[in-house]
Undergrad: 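Could you have a look at this structure, given as structure tokens, before my questions?
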Amino acid sequence: MAIKEEDVREGLIGEQNNRLPKGHPWMVYFTTFVAVCGSYEFGACAGYSSPTQDAITKDLKLSLAEYSLFGSILTFGAMIGAITSGHIADMIGRKGAMRVSSAFSVAGWLVIYFSEGPVPLDIGRLATGYGMGLFSYVVPVFVAEIAPKDLRGALTTLNQFMIVAGVSVAYIIGTVLSWRVLALTGLIPAAVLLLGLFFVPESPRWLAKRGRRKDFEAALQILRGKDVDISQEADEIQDYITTLEQLPKPNLLELFQRRYMRSLTIGVGLMLCQQLGGINGVCFYTSSIFELAGFSSTIGTIIYACLQVVITGLGAVLIDKAGRKPLLLVSGSGLVTGCIFTAIAFYLKVQQVSVGAVPALALTGILVYVGSFSIGMGAIPWVVMSEIFPLNIKGQAGSIATLVNWFGAWLCSYTFNFLMSWSSYGTFILYAGINAVGILFIVAAVPETKGKSLEQLQAAINA
């Protein structure tokens with residue numbers, strides 16, 4: 001299936017014309033880099049509130065309740081973004097959805113920068129949260145749809161790596177920059193993304209679904225390289241799209257019919273495993289956990305942030321070699337172990353037994369926990385979610401999975417302090433139990449998706 005030069009120029013959505021390096025073998029990497037700038041933006045939003053709390057409350061004379069609303073309203077914005085993400089990405093394309101997300105993020109950061117009181121501050125935070133919710137769905141989906149099957153896992157895992165990097169950088173530079181200047185730094189990844197989108201192709205699978213055959217083939221050729229024969233891959237994608245078009249587009253309730261139930265159960269189940277195991281409680285309140293255990297919160301938080309970045313990078317290297325399911329099982333086992341160590345530390349403190357061992361045990365438990373989360377449970381649920389839903393339900397099903405993820409994030413972060421007031425060691429025993437149930441779910445329900453095309457995988461799961 002040869003692609004003529006004029007078809008390539010024609011097919012790439014007007015805006016690109018001759019600016020794309022036609023057939024460049026590294027285009028898929030460059031396109032992924034552009035997309036995961038949205039993931040970095042996500043991380044910058046998530047990490048903003050922690051280092052700025054004292055300065056914002058002092059400068060704007062906010063009460064603790066007002067600042068708490070500022071911090072938590074991000075999650076509500078993300079839930080709204082999650083609800084609309086699939087529809088937007090299906091209607092205007094993956095690139096269009098990333099543009100919308102970037103626009104909300106830019107507007108939100110500017111409103112925060114110019115804020116002189118709690119109301120504009122909350123509006124800006126809500127806008128950046130909406131951008132986060134949209135990014136959390138569309139970035140992994142876009143990367144999965146452009147990547148060759150042997151690189152799909154590693155490239156999709158970069159989504160989580162860049163989120164972690166964005167959070168860690170915000171933590172670190174937030175200690176030396178004012179809260180207004182830190183808000184301006186959030187404009188940088190959005191600007192890079194918006195500029196980069198002019199030079200990368202749209203998702204070939206989305207173009208094929210929209211019936212734009214020339215655009216689809218041109219985009220796929222550019223992503224794979226000008227000298228690569230794309231005919232087999234293009235035919236496989238087109239045949240699968242044709243099969244899907246013969247099926248009626250399901251409404252929300254029809255997603256729960258037997259045909260789609262397995263993929264929906266896997267996607268939603270993994271999101272629940274990711275969030276209900278305690279990650280947002282641990283992440284949001286790392287400093288207070290270390291302080292409660294008698295360990296330096298500053299040193300602990302820096303080690304935590306650095307470990308997250310390193311282990312998430314290691315996971316990206318391993319995912320297409322070790323596979324998704326083995327890494328998830330290793331991750332789940334480590335989460336249980338980390339929770340048990342932390343629970344023991346707090347139990348010893350409460351019982352006033354071997355108190356000198358408490359800081360070391362707590363540090364070990366938290367680091368094992370975050371390292372284990374970073375190697376698998378942090379990234380892989382998003383990878384699998386982007387792989388298992390067929391295109392005719394991807395928007396609706398992906399929105400449901402993303403909404404469940406954000407609701408779980410809110411529930412975990414909201415209940416953490418209440419649970420710790422009830423029992424510090426009991427909290428981590430509870431999380432250990434939830435993560436153990438997650439391991440059983442992974443063993444019973446989650447398939448290995450490594451090395452299979454999206455079409456092969458979705459046909460097998462949704463047969």
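Hydrogens, waters and symmetry mates are skipped; everything else that's a heavy atom, side chains included, is used.
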Undergrad: In the structure I gave you, are the side-chain heavy atoms of Phe161 and Ser39 within less than 4.5 Å of one another anywhere?
TA: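 Contact flag for Phe161/Ser39 side chains = no.
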
Undergrad: Can you check side-chain contact (heavy atoms from CB on, under 4.5 Å) on Phe76 and Trp410, steps first, answer last?
TA: CA-CA 8 Å; Phe76 286 96; Trp410 170 79; 3.8 Å; yes

Undergrad: Which distance, rounded to the nearest 0.5 Å, do you find between the CG of Leu194 and the CG of Leu187?
TA: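 Interatomic distance, Leu194 CG to Leu187 CG, rounded to 0.5 Å: 10.5 Å.
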
Undergrad: So Leu121 and Leu62, side-chain contact (heavy atoms from CB on, under 4.5 Å) or not? Walk me through it.
TA: CA-CA 11 Å; Leu121 201 66; Leu62 303 184; 3.7 Å; yes

Undergrad: Between the main-chain N or O of Gly153 and the side-chain N or O of Thr157, is there a donor-acceptor pair closer than 3.5 Å?
TA: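 Present.
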
Undergrad: Are any side-chain N or O atoms of Lys325 and backbone N or O atoms of Val443, one a donor and one an acceptor, separated by less than 3.5 Å?
TA: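 Between the backbone of Val443 and the side chain of Lys325 there is a qualifying donor-acceptor contact (under 3.5 Å).
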
Undergrad: Taking the six-membered ring for Trp, is the centroid-to-centroid distance between Phe295 and Phe290 below 6.0 Å?
TA: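 Yes - the distance between ring centres of Phe295 and Phe290 falls below the 6.0 Å cut-off.
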
Undergrad: Show, in sequence, the C-alpha distance, side-chain angles and deciding distance for Tyr425 and Phe346, and conclude whether the ring-ring contact (aromatic ring centres under 6.0 Å, His included) test is met.
TA: CA-CA 5 Å; Tyr425 62 86; Phe346 285 123; 8.8 Å; no

Undergrad: Can a salt bridge be assigned to the pair Lys95 and Glu145 using a cut-off of 4.0 Å between side-chain N and carboxylate O?
TA: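 Answer for the salt bridge query: no.
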
Undergrad: So, Phe135 versus Phe42, ring centres under 6.0 angstrom or not?
TA: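 Ring centroids of Phe135 and Phe42 are no less than 6.0 Å from each other.
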
Undergrad: Any sub-3.5 Å donor-acceptor pair from Tyr40's side-chain atoms to Asn159's backbone N or O?
TA: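 Flag not set: sc Tyr40 to bb Asn159 has no pair under 3.5 Å.
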
Undergrad: Of the non-hydrogen atoms in Ala97 and Leu134, which two are nearest, and what is the gap between them?
TA: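 Reported closest heavy-atom pair: O-CD2, 3.5 Å.
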
Undergrad: Out of curiosity, Phe407 CZ to Asn405 CG, how far, rounded to the nearest 0.5 Å?
TA: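 It comes to 12.0 Å.
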
Undergrad: Could you tell me whether a side-chain N or O of Ser331 sits under 3.5 Å from a main-chain N or O of Leu327, the two making a donor and an acceptor?
TA: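 It does not hold such a pair.
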
Undergrad: How far does CD1 of Ile434 sit from CD of Gln275, to the nearest 0.5 angstrom?
TA: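 Those atoms lie 11.5 Å apart.
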
Undergrad: Testing the 3.5 Å rule here: is there a donor-acceptor pair between the side chains of Thr312 and Gln160?
TA: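 The criterion, which ignores hydrogens and geometry beyond distance, is not satisfied for Gln160 and Thr312.
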
Undergrad: Rounded to the nearest 0.5 Å, how far does CD1 of Ile388 lie from OG1 of Thr449?
TA: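 Going from OG1 on Thr449 over to CD1 on Ile388, the span is 9.0 Å.
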
Undergrad: Which distance, rounded to the nearest 0.5 Å, do you find between the CG of Leu270 and the CD1 of Ile380?
TA: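 Leu270 CG to Ile380 CD1: 9.0 Å, rounded to 0.5 Å.
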
Undergrad: Students often mix this up, so state it plainly: with edges at 30° and 60°, are the rings of Tyr431 and Phe428 parallel, tilted or perpendicular?
TA: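 Ring orientation, 0 to 90° scale: perpendicular.
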
Undergrad: Would you call Thr128 and Trp109 a side-chain contact if the rule is heavy atoms closer than 4.5 Å?
TA: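 When only atoms from C-beta onward are counted, Trp109 and Thr128 do touch, with a gap below 4.5 Å.
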
Undergrad: Between Tyr113 and Trp179, is there a donor-acceptor pair closer than 3.5 Å when you use the side chain of the first and the backbone of the second?
TA: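 Looks like no, no N/O pair under 3.5 Å.
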
Undergrad: Charged N to carboxylate O under 4.0 angstrom, Arg94 versus Glu202?
TA: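 No.
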
Undergrad: Would you say the side chain of Ile56 lies within less than 4.5 Å of the side chain of Tyr48, judging by non-hydrogen atoms?
TA: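 Result yes, sub-4.5 Å side-chain heavy-atom pair found.
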
Undergrad: Taking the side chain as C-beta and beyond, is there a heavy-atom pair between Leu223 and Pro201 under 4.5 Å?
TA: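 Yes - at least one pair of side-chain heavy atoms lies under 4.5 Å apart.
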
Undergrad: Minimum heavy-atom separation for Ala362 and Ala345, please, with both atom names.
TA: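 Minimum heavy-atom separation between Ala362 and Ala345: N-CB, 3.6 Å.
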
Undergrad: Given the rule in the side-chain contact (heavy atoms from CB on, under 4.5 Å) test, do Leu155 and Val28 qualify, once you have shown the distances and angles that lead to the verdict?
TA: CA-CA 9 Å; Leu155 294 179; Val28 70; 4.3 Å; yes

Undergrad: Taking all non-hydrogen atoms of both residues into account, name the closest pair between Ile429 and Ala343 and its distance.
TA: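 Nearest heavy atoms, Ile429 then Ala343: CG1-CB, 3.8 Å.
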
Undergrad: May I ask you to test the Val282-Ile366 pair for a side-chain heavy-atom distance under 4.5 Å?
TA: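 When only atoms from C-beta onward are counted, Ile366 and Val282 do touch, with a gap below 4.5 Å.
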
Undergrad: Would you say the side-chain atoms of Lys450 pair up with the backbone N or O of Arg324, donor to acceptor, closer than 3.5 Å?
TA: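 No, Lys450 side chain to Arg324 backbone: no donor-acceptor pair under 3.5 Å.
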
Undergrad: Give every residue pair that meets the side-chain hydrogen bond (donor to acceptor under 3.5 Å, both in side chains) criterion with at least one member in residues 377-386, sequence neighbours excluded.
TA: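 Residue pairs with at least one partner in residues 377-386: there are none.
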
Undergrad: Would you find a donor on one side and an acceptor on the other, under 3.5 Å apart, between the side chain of Ser168 and the backbone of Ala165?
TA: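 Checking the backbone N and O of Ala165 against the side chain of Ser168, no donor-acceptor pair under 3.5 Å is found.
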
Undergrad: Show the numbers, then the answer: is there a side chain to side chain donor-acceptor pair (under 3.5 Å) between Tyr130 and Ser105?
TA: CA-CA 8 Å; Tyr130 181 85; Ser105 297; over 6 Å; no

Undergrad: More than 12 heavy atoms of other residues, nucleotides or ligands under 6.0 Å from CZ of Phe33: is that the case?
TA: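 Open: at most 12 neighbouring heavy atoms sit under 6.0 Å from CZ of Phe33.
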
Undergrad: Can you check whether Tyr260 reaches Phe389 side chain to side chain, under 4.5 Å on heavy atoms?
TA: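 No, side chains not in contact.
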
Undergrad: With a 3.5 Å distance limit and no angle check, can you tell me whether Ser354 reaches the backbone of Ala357 through a side-chain donor-acceptor pair?
TA: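 Here the side-chain-to-backbone pair does not exist.
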
Undergrad: What do the steps show when you test Ile375 against Leu314 for side-chain contact (heavy atoms from CB on, under 4.5 Å), and what is the final call?
TA: CA-CA 7 Å; Ile375 197 74; Leu314 179 62; 4.0 Å; yes

Undergrad: With a 3.5 Å cut-off and no angle check, do the side chains of Trp406 and Ser136 form a donor-acceptor pair?
TA: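 Judged by distance alone, the side chains do pair up.
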
Undergrad: Would you indicate whether the side-chain heavy atoms of Phe142 and Thr32 approach each other to under 4.5 Å?
TA: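 No, their side chains stay 4.5 Å or more apart.
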
Undergrad: Judged by atom type as modelled, is there a donor-acceptor pair below 3.5 Å linking the side chain of Asn435 to the main-chain atoms of Gly332?
TA: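 Such a contact is absent between Asn435 side chain and Gly332 backbone.
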
Undergrad: Go through the steps to decide whether Arg180 and Glu116 satisfy the test salt bridge (charged side-chain N to carboxylate O under 4.0 Å, His left out), and finish with yes or no.
TA: CA-CA 11 Å; Arg180 293 188 191 275; Glu116 296 295 340; 3.5 Å; yes

Undergrad: Once you round to the nearest 0.5 Å, how far does OG1 of Thr265 lie from CE of Met261?
TA: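 Rounded to the nearest 0.5 Å, the OG1-CE separation comes to 4.0 Å.
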
Undergrad: Would you kindly check if the NZ (Lys) or CZ (Arg) of Arg99 is within the cone defined by 45 degrees around the ring axis of Phe198 and under 6.0 Å from the six-membered ring centre?
TA: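 Flagged: Arg99 positioned over aromatic ring of Phe198.
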
Undergrad: If you compare all heavy atoms of Pro359 against all heavy atoms of Ala293, which two are closest, and at what distance to 0.1 Å?
TA: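 Minimum heavy-atom separation between Pro359 and Ala293: CG-O, 3.4 Å.
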
Undergrad: Tell me whether Lys349 contacts the main-chain N or O of Ile344 through its side chain, where contact means a donor paired with an acceptor under 3.5 Å.
TA: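 Side chain of Lys349 to backbone of Ile344, a donor-acceptor pair under 3.5 Å: no, none is there.
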
Undergrad: Looking at every heavy atom in both Ser115 and Leu60, which two are closest together, and how far apart are they?
TA: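 So the minimum-distance heavy-atom pair works out to O-CD2, 4.0 Å.
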
Undergrad: Does the side chain of Leu272 reach to within under 4.5 Å of the side chain of Val404, using non-hydrogen atoms?
TA: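 SC-SC contact between Leu272 and Val404 confirmed.
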
Undergrad: For a quick test of reading the model, state the closest non-hydrogen atom pair linking Gln308 to Ser374 and the distance between them.
TA: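 Nearest pair, atom of Gln308 first, then Ser374: CG-OG, 3.6 Å.
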
